[in-house]
Amino acid sequence: MDTGILMKLVFELLGGLALFIFGMRTMSAGLSAAVGNGMRTLLGRATRNRIGGLGLGTVIGGLIQSSASIVLFIGFINAGLMTLSQSVGPILGANIGTSLSVQLIAFKLSDYCLPAIFVGLVLHLISKNRKLKYGGQAGLGFGLLFLGMVFMGDAIKPHRELFEPWLAHINGKTIEGLIIGTLMAALITGVIQSSGAVIGMGFAMISAGAITEFEGIYPIIIGANVGTCVTGLLGSISTTVDARRAAILHLIFNLISTTLAITAAPLFYKYIPHTSGDLIRQAANADTIKMAVTALLMLPLAPVLIKISTWLVPSKTDQPESSFIDNALLNRPEQAIFACLRELQRTTRICAQSLHLAAEEFIQHDSKRAKRIKVNEQSINAIKAAMRDYLANLTKHYLSKRQAILIGHIDRCMSDVCLLYT
């Protein structure tokens, strides 16, 4: 192949991939913003039992992708708003949710990508309504995502024979090809930190005719699910021990899921083609079935997953104090207000710790210390939002005049403390 043609192919592929990733992140950010802080309140209620946590984790994973949702859960744990035990259900559910977003990508909607970009951009720029504004952002990202797939598919199609020798090495028809393909997909996903992008690239190859069998896409799917754990592991650096354990638990789950998928590969090869006549849809169905089955199998074994992650991430220091605010106290305003005062004190201690670290940072730079300061800032923002939601819910109950005044002071103090810190 001529060097100029090769460079054109490479840049078309990279440009299409960049559009896909940017579109996916834009769509996720829009959906997350459209939902608003209510997600945090729902998460607090749903984590009272693992089934509820699994369901809400599925919704959140579908909206903002598993890697981003895992980082969200890690932030909640680090802020003391969620325990490691409460995070198991949402973490498992987030993986199911991501597979459902792959189902969305599997719809052949490329003909509508340009109208979606136009309408989404117009809504985002001119709408005053929050939900319409960020819904428009999600539509914009949705259109860019499919436009990126079109670019990648169009770039591959004239040169698909060039990819055949490479794809032959990762074909799942042999155990060697299955393992090599899984490892390669995991590595690429770990580098670009987006399982959806890697799977989307696989879908583009199917559209271009470079992959023509289910065995060719299967290793890419299962490998991408492991590689996406890198985002959570990086996000847990310099966080509390339980937050790091949550990232490891996510990795353990996906390693188990991938091991089961490799073991059950003959069953997938035999039965998945019967679920649809379209190869892209078959791949999406396999991803959803793999994640759903593994999550349902692992949910009753949550205590075992917690013990393994605790063993892998030991700690001699005590876990930092958790949040004092509790939805069960809302019907007892006096106790709820006392809990809010204790939460305010806890926030002040986190701020004091960060200010001490910042003073040390002025004297000598340390990357770990700087990361810790940034993580603390994210925790404080999460606590502030959670406190605001909690106080808003508390005002819906019958309050004495004194209690109403106290709530106003607590809200003002929390805002002032956070403003002083930031």
Determine whether the side chains of Lys384 and Ser415 contain a donor N or O and an acceptor N or O closer than 3.5 Å.
no
Would you say Leu234 and Thr231 make side-chain contact, with heavy atoms under 4.5 Å?
no
Mind listing the closest non-hydrogen atom pair of Thr294 and Lys290 along with its distance?
OG1-O, 2.7 Å
Using the rule given for side chain to side chain contact (heavy atoms under 4.5 Å, CB included), can you reason through Asp287 versus Asn225, listing the C-alpha separation, both sets of side-chain angles and the distance that settles it, and then say yes or no?
CA-CA 9 Å; Asp287 190 32; Asn225 295 145; 3.1 Å; yes
Any side-chain heavy-atom pair of Thr98 and Ser195 under 4.5 Å:
yes
Any side-chain to backbone donor/acceptor pair from His397 onto Asn393? Under 3.5 Å, distance only.
yes
Would you mind reporting whether Leu312 and Ile308 have side-chain heavy atoms less than 4.5 Å apart?
yes
Does some side-chain heavy atom of Val102 sit less than 4.5 Å from a side-chain heavy atom of Ile221?
no
Point-to-point distance, once rounded to the nearest 0.5 Å, from CG of Leu19 to CE of Met24:
12.5 Å
Under a 3.5 Å distance rule, please check whether Gln86 uses its side chain to pair with a backbone N or O of Thr83 as donor and acceptor.
yes
Rounded to the nearest 0.5 Å, how far apart are CG of Leu54 and CD1 of Ile51?
6.0 Å
To the nearest 0.5 Å, how far apart are CG in Leu249 and CZ in Phe253?
9.5 Å
Tyr271 side chain to Pro266 main-chain N or O, any donor-acceptor pair under 3.5 Å?
no
Arg402 meets the salt bridge (Lys or Arg N to Asp or Glu O under 4.0 Å) criterion, sequence neighbours left out, with Glu334
Only counting residues at least two apart or in another chain, list the ones meeting salt bridge (Lys or Arg N to Asp or Glu O under 4.0 Å) with Asp278.
Lys108
Applying salt bridge (charged side-chain N to carboxylate O under 4.0 Å, His left out) as the test, list every pair that has at least one member in residues 81-107; sequence neighbours left out.
none
Check: Glu215 main-chain N/O paired with Tyr269 side-chain donor or acceptor under 3.5 Å
no
Distance-only donor-acceptor pairs under 3.5 Å for side chains of residues 176-185, two or more places apart:
unit_1 : atom_1 : unit_2 : atom_2 : d
Thr182 : OG1    : Leu178 : O      : 2.7

Applying salt bridge (charged side-chain N to carboxylate O under 4.0 Å, His left out) as the test, list every pair that has at least one member in residues 71-90; sequence neighbours left out.
none
With sequence neighbours left out, the residues meeting salt bridge (Lys or Arg N to Asp or Glu O under 4.0 Å) with Arg369 are Glu360, Glu361
For the side chain of Ser309 and the backbone of Ile306, is there at least one donor-acceptor N/O pair under 3.5 Å apart?
yes
Lys133 vs Leu123, side chain to side chain contact (heavy atoms under 4.5 Å, CB included): CA-CA, chis, key distance, verdict:
CA-CA 6 Å; Lys133 182 179 179 68; Leu123 285 175; over 6 Å; no
Do the non-hydrogen side-chain atoms of Pro90 and Ile60 ever get within less than 4.5 Å of each other?
no
Name all pairs fulfilling the salt bridge (charged side-chain N to carboxylate O under 4.0 Å, His left out) condition that reach into residues 344-358, sequence neighbours left out, sorted by first residue then second.
Glu321-Arg349, Glu343-Arg346
Check each of Ile248, Val241, Thr240, Asp242 against Arg244 using the side-chain contact (heavy atoms from CB on, under 4.5 Å) test, and report the only one that passes.
Val241
Applying ring-ring contact (aromatic ring centres under 6.0 Å, His included), name anything that partners Phe324, two or more places apart in sequence or on another chain.
none
Hey, what do you get for CG (Leu72) to CE (Met82), rounding to the nearest 0.5 Å?
7.5 Å
Between Gly232 and Val71 the two heavy atoms that sit nearest each other are CA-CG2, 4.4 Å
Pairwise side-chain contact, Arg372 with Gln353, heavy-atom cut-off 4.5 Å (strictly under)
yes
Can you find a pair of side-chain heavy atoms, one from Ile262 and one from Ile175, that are under 4.5 Å apart?
yes
Side chains of Asn254 and Asn95, donor plus acceptor under 3.5 Å:
yes
Where is the tightest heavy-atom contact between Tyr218 and Ala265, given as atom of each residue plus distance?
CE2-CB, 3.9 Å
Has the side chain of Ser127 got a donor or acceptor atom that lies under 3.5 Å from a matching backbone atom of His124?
no
Pair Asn285, Gln103: side-chain N/O donor-acceptor within cut-off below 3.5 Å
yes
Could you give me the CA-CA distance, side-chain angles and deciding distance for Thr189 and Ile199, then say whether side chain to side chain contact (heavy atoms under 4.5 Å, CB included) is met?
CA-CA 9 Å; Thr189 306; Ile199 293 173; over 6 Å; no
Under 3.5 Å, is there a donor-acceptor pair between the side chain of Thr288 and the main chain of Ala284?
yes
Okay, side chain of Arg245, backbone of Leu84: is any donor-acceptor separation there less than 3.5 Å?
no
Check the pair Leu305, Ile256 against side chain to side chain contact (heavy atoms under 4.5 Å, CB included), reporting the backbone distance first and the verdict last.
CA-CA 11 Å; Leu305 293 175; Ile256 292 172; 4.2 Å; yes
Return a table of donor-acceptor pairs under 3.5 angstrom between the side chains of residues 202-214 and protein atoms on other chains or two or more places apart.
unit_1 : atom_1 : unit_2 : atom_2 : d
Ser207 : OG     : Phe203 : O      : 3.1
Glu213 : OE1    : Lys173 : NZ     : 3.1
Glu213 : OE2    : Lys173 : NZ     : 2.9

Do the non-hydrogen side-chain atoms of Leu329 and Tyr390 ever get within less than 4.5 Å of each other?
yes
Closest heavy-atom pair and its distance - Ala94, Phe73
CB-CE1, 4.1 Å
List the atom of Cys413, the atom of Leu344, and the distance in Å for their closest heavy-atom pair.
CB-CD2, 3.7 Å
Could you pull out all donor-acceptor pairs under 3.5 Å where a side-chain atom in residues 405-412 meets a protein atom, sequence neighbours excluded?
unit_1 : atom_1 : unit_2 : atom_2 : d
His409 : ND1    : Arg412 : NH1    : 3.0

Which atom pairs, one a donor and one an acceptor, fall under 3.5 Å between side chains of residues 137-151 and the rest of the protein, sequence neighbours left out?
none

Just by distance, no angles: are the side chains of Ser354 and Asn376 close enough, under 3.5 Å, to form a donor-acceptor pair?
yes
In Å and rounded to the nearest 0.5 Å, what is the CD to SG distance from Glu377 to Cys351?
10.0 Å
Can you list everything that forms a salt bridge (Lys or Arg N to Asp or Glu O under 4.0 Å) with Lys307? Sequence neighbours excluded, please.
none
Here the gap from Leu92 atom CG to Leu299 atom CG, rounded to the nearest 0.5 Å, amounts to 6.0 Å
Taking all heavy atoms of Ile77 and all of Ala243, pick out the closest pair and write down the distance.
CG2-N, 3.6 Å
